[in-house]
Structures are given as structure tokens and as C-alpha cells.
Trainee: 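Dumping the structure here so I can ask a few things about it.
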Amino acid sequence: MRVITFDEFIAINQEKHPEATGELSGLLRDIGLASKIVNRDLSKAGLVDAILGDANEINVQGEEVKKLDIIANEVLKKCLQNSGQCCGIASEEEEDFVAFKNRKKAKYVVLFDPLDGSSNIDVIAPVGTIFSVFERVSKAGELCTLEDFLQTGEKQVAAGYVIYGSSTMLVYTTGEGVNGFTLDPTIGEFCLSHPDIKTPASAKTYSVNQGNYHSFPENVKKFVDYCQDTTDKKAFSLRYIGSMVADFHRNLLKGGIFMYPATKDSPKGKLRLMYECNPMAFLQEQADGKATNGTQRILEIVPTKLHQRTAVYIGSKKFVEMLVGFNNVTINPVELFDFVKNKIFSNPIL
Ligand code: P6P
């Protein structure tokens, strides 16, 4: 059967919406183009010293910036400015949002993390680009404003990521399910490889930086203790790559939960609401999973700052419900296990 390319898939889906003008389709195609260029530059990273290594710069987050972060940021900014459908962007690598003076009439703003997990580049671990798209709320014909960006996650019109790993894959949603496209380098096209992705309701892996255990909130400690408990089950496997896109992608396909709680070093959580947690939460809910900050649905958090951080618990529906349920549980481990078994794991598939 002939493969369907990303561009063809977008066109087919646009036909389902007679009112569609093609602007969002054009924007998504340009994001696809930008990610192909980033993928090309990344694949050279192991070969070209000029690219590898630190840019000896510190970004707005106070983190050491690798040259590829800057390259990826510039590629995305240029592609989106040329797109014609984007009136401005916000990026992990930019202190403030960037209004495109020559695109005042464009309908969309895009927020992105150009190269999430970039500290993994020189150890050849997977990294990713994460993007979130909103329709502007300011008047077309004028420069975009901060309010165009500071919208709650449930207002996103599209979100997705590109994971640069053993192969390169683009995964996105416009609110009608989640679809994955694998890059075929022989034709330079993303091809539909994972139609209608759904996350299993439960699983046997969890993903957290165990090194922060002692500063986890009590319910997270209880959840981790449960995952490791062997009283009446095998311990669950811990999988943690240290690259959110990679950890999220594994769980999206196979089930599991990714957790980045507030910790002593990151009292508000480490991950960014606007261009990491919101897009991933949109995808996860579209794939029948859940995403919370421990007390609130991620997509309902009202943002106040572009780079604000949040705790995040995201993945299989039953795991997230169990974790939140532990907020109210103050019983001992054995009773805790019975509580969990009766409440959650009566499901025969486990
Ligand atoms: P830690 C990468 O730097 C990142 O922003 C995410 O991609 C990743 O999930 C997290 O930080 C890892 O943080 O503190 O466990 O190294």
C-alpha cells in the first residue's frame, strides 16, 4: 500500500472542514519543513566539530546552550516567518516573544522548544522539537501581543513534537486524534506510520528522576513505592532518558507515566508550561491519557509568564488517577497496595 505523506494527510484532513482556509495546513507543513532541516543539522552533529560543543552562551533559562539549540531556534523562527501564516513566535531560547513585523495579518502564533533535551546531543541520546499553536486573540493587521501567547492550553489549535532518535518522527494533533509520521530519508518525506495513536490505560513502567526521591511530594513517594513494591506483583520498570520528548514518546505508544514533580532544586517544577507541558498534555488527552500538575488539569492552568514552570504528571489514564488518588491516602504500604489493587488494577488486562 502506498504511504501517505504528512503533507497529503494534512490535505486529506483539511477536506473534512469545508470552512478551512488552508492557513493552519500551511503552517503545519512549514513546521514539518523546519524539522527536516533541524534533523539534517543534527545528523551532522557527530561529524562536524563546528556544530558539537557548547556555544559558551547561557540562555534565558540560565542553562548552557549547545550550538544546535541556537541553530534549531533560528531554523524554526525563519521557517515560521517565511510561512506567512504565523504572526509571531515564543521560544525557550528567546527571552521575550518575537512579533513578525511583515506578518501582521497572519492568524497564528507558535510557541516551541527548538531542541528539548539538548544536553543529550553529544551522547547521541534522543532529543526533540516541541510546538504549540494558538489562534491570535489580538486584532489582525497589528503586531501580535503577549496575550496571543498566554492562553490556556485547552485553546491550542494544534500541538506536536518531532523526536530525533534512531529514526525521526513527527507526532501531532489538531484535536481530532494523534497521528505519527516517520521520516523516510530516501524521499525526504514524513510518512504516516502510527495512525490514531492511543495510550494504553495502564502499563508496567514509570518515568521519573529517582535521584530527586527525597524531595518528592508524599503522594509521589507513595506512587513510586507502589511501583517498586513486590508484595503481590512484580516491580514496575523505571525508564528515564532525561529527554522529555523521548520519555513522553515511549509512554504515549506503550503506556506508562512521566513525572517531573516540584523538587528542592525546582520548587515550581522544572518543565515549562507553555512549550513543553501544554503541547504534550493536548497530545496525551487526545490519545486517551491524562495530564495534571498534581491538583489541576495541565490544559486548564491559566498562564501568567511565557517561561513559567509547572510540575507535571502525564501518561496512562489509570496511572495518573492513581497518583492523584494518593494525595488523599494515608494508609500503610500493605493497605495501600490493597487500595490500589481494588481501586485500579481490577482490570483483567494487567
Ligand atoms: P533532569 C531536558 O533538559 C529537560 O528539560 C527535559 O527534556 C527532561 O525531561 C528534563 O529536563 C530532565 O531533567 O533534572 O532529570 O535532568
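These numbers come from the heavy atoms of this one structure, side chains and all, not from hydrogens, waters or symmetry mates. Quick caveat, the model's predicted, so the values are computed rather than measured. First listed ligand is number 1; within each ligand, the first listed atom is number 1.
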Trainee: Could you check which of R272, E92, K270 puts a non-hydrogen atom nearest to atom 16 (O) of ligand 1?
Mentor: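 Looking at heavy atoms only, K270 sits closest to atom 16 (O) of ligand 1.
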Trainee: Both conditions, 6.0 Å and 45 degrees, for the charged tip of K290 above the ring of F319: are they met here?
Mentor: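 Verdict for F319: no cation-pi partner in K290.
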Trainee: Which pairs pass salt bridge (Lys or Arg N to Asp or Glu O under 4.0 Å) with one or both residues in residues 14-25, sequence neighbours excluded?
Mentor: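 Found E23-K107.
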Trainee: Using heavy atoms and a threshold below 4.0 Å, how should the contact between D247 and ligand 1 be classified: side chain, backbone, both, or neither?
Mentor: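 Near ligand 1, D247 shows nothing, with every heavy atom at 4.0 Å or more.
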Trainee: Out of all atoms in ligand 1, which are within 4.0 Å of some heavy atom of D116? Include the element for each.
Mentor: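 Heavy-atom distances to D116 below 4.0 Å select 5 (O), 6 (C), 7 (O).
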Trainee: Once rounded to the nearest 0.5 Å, what's the spacing between atom OG1 of T230 and atom CZ of F236?
Mentor: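 The OG1 atom of T230 sits 12.0 Å away from the CZ atom of F236.
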Trainee: Just heavy atoms, cut-off under 4.0 Å: does F258 contact ligand 1 by side chain, backbone, both, or neither?
Mentor: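 Under 4.0 Å from ligand 1, F258 contributes side-chain atoms alone.
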Trainee: Against heavy atoms of G117, which atoms of ligand 1 measure under 4.0 Å?
Mentor: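 Near G117, the atoms of ligand 1 are 2 (C), 7 (O).
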Trainee: Would you mind listing which atoms of ligand 1 come within a distance below 4.0 Å of any non-hydrogen atom of S243?
Mentor: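 Those of ligand 1 that fall under 4.0 Å from S243 are 7 (O), 9 (O).
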Trainee: Show me which atoms of ligand 1 lie under 4.0 Å from any heavy atom of N209.
Mentor: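 Per the distance check, 1 (P), 14 (O), 15 (O).
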Trainee: Is there at least one pair of N or O atoms, one from M244 and one from ligand 1, spaced under 3.5 Å apart?
Mentor: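 Yes, M244 has an N/O under 3.5 Å of an N/O on ligand 1.
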Trainee: Aromatic rings Y161 and F248: how do their planes relate, parallel, tilted or perpendicular, breaks at 30° and 60°?
Mentor: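 Plane angle over 60°, so perpendicular.
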Trainee: Could an N or O of ligand 1 be found under 3.5 Å from any N or O of Y240, whether backbone or side chain?
Mentor: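 Yes; the residue has a nitrogen or oxygen that sits under 3.5 Å from a nitrogen or oxygen of the ligand.
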Trainee: Give yes if a backbone or side-chain nitrogen or oxygen of S119 is under 3.5 Å from a nitrogen or oxygen of ligand 1, and no if not.
Mentor: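 No.
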Trainee: Using distance only, find each side-chain donor-acceptor pair of residues 261-268 under 3.5 Å and give its atom names and separation, not counting sequence neighbours.
Mentor:
| unit_1 | atom_1 | unit_2 | atom_2 | d |
| --- | --- | --- | --- | --- |
| T263 | OG1 | D265 | N | 3.4 |
| T263 | OG1 | S266 | N | 3.0 |

Trainee: Just which atoms of ligand 1 are under 4.0 Å from any heavy atom in L271?
Mentor: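 Contacts of ligand 1 toward L271, numbered from 1: 5 (O), 6 (C).
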Trainee: Counting only heavy atoms not in K155, do more than 12 fall under 6.0 Å of its NZ?
Mentor: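 Atom NZ in K155 is not crowded, with 12 or fewer foreign heavy atoms closer than 6.0 Å.
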Trainee: Sort out for me which residue in D113, N39, L76 forms a side-chain contact (heavy atoms from CB on, under 4.5 Å) with T129.
Mentor: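 Only match with T129 under side-chain contact (heavy atoms from CB on, under 4.5 Å): L76.
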Trainee: Side-chain donor-acceptor pair under 3.5 Å between D7 and T5, yes or no?
Mentor: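 No, no side-chain donor-acceptor contact under 3.5 Å.
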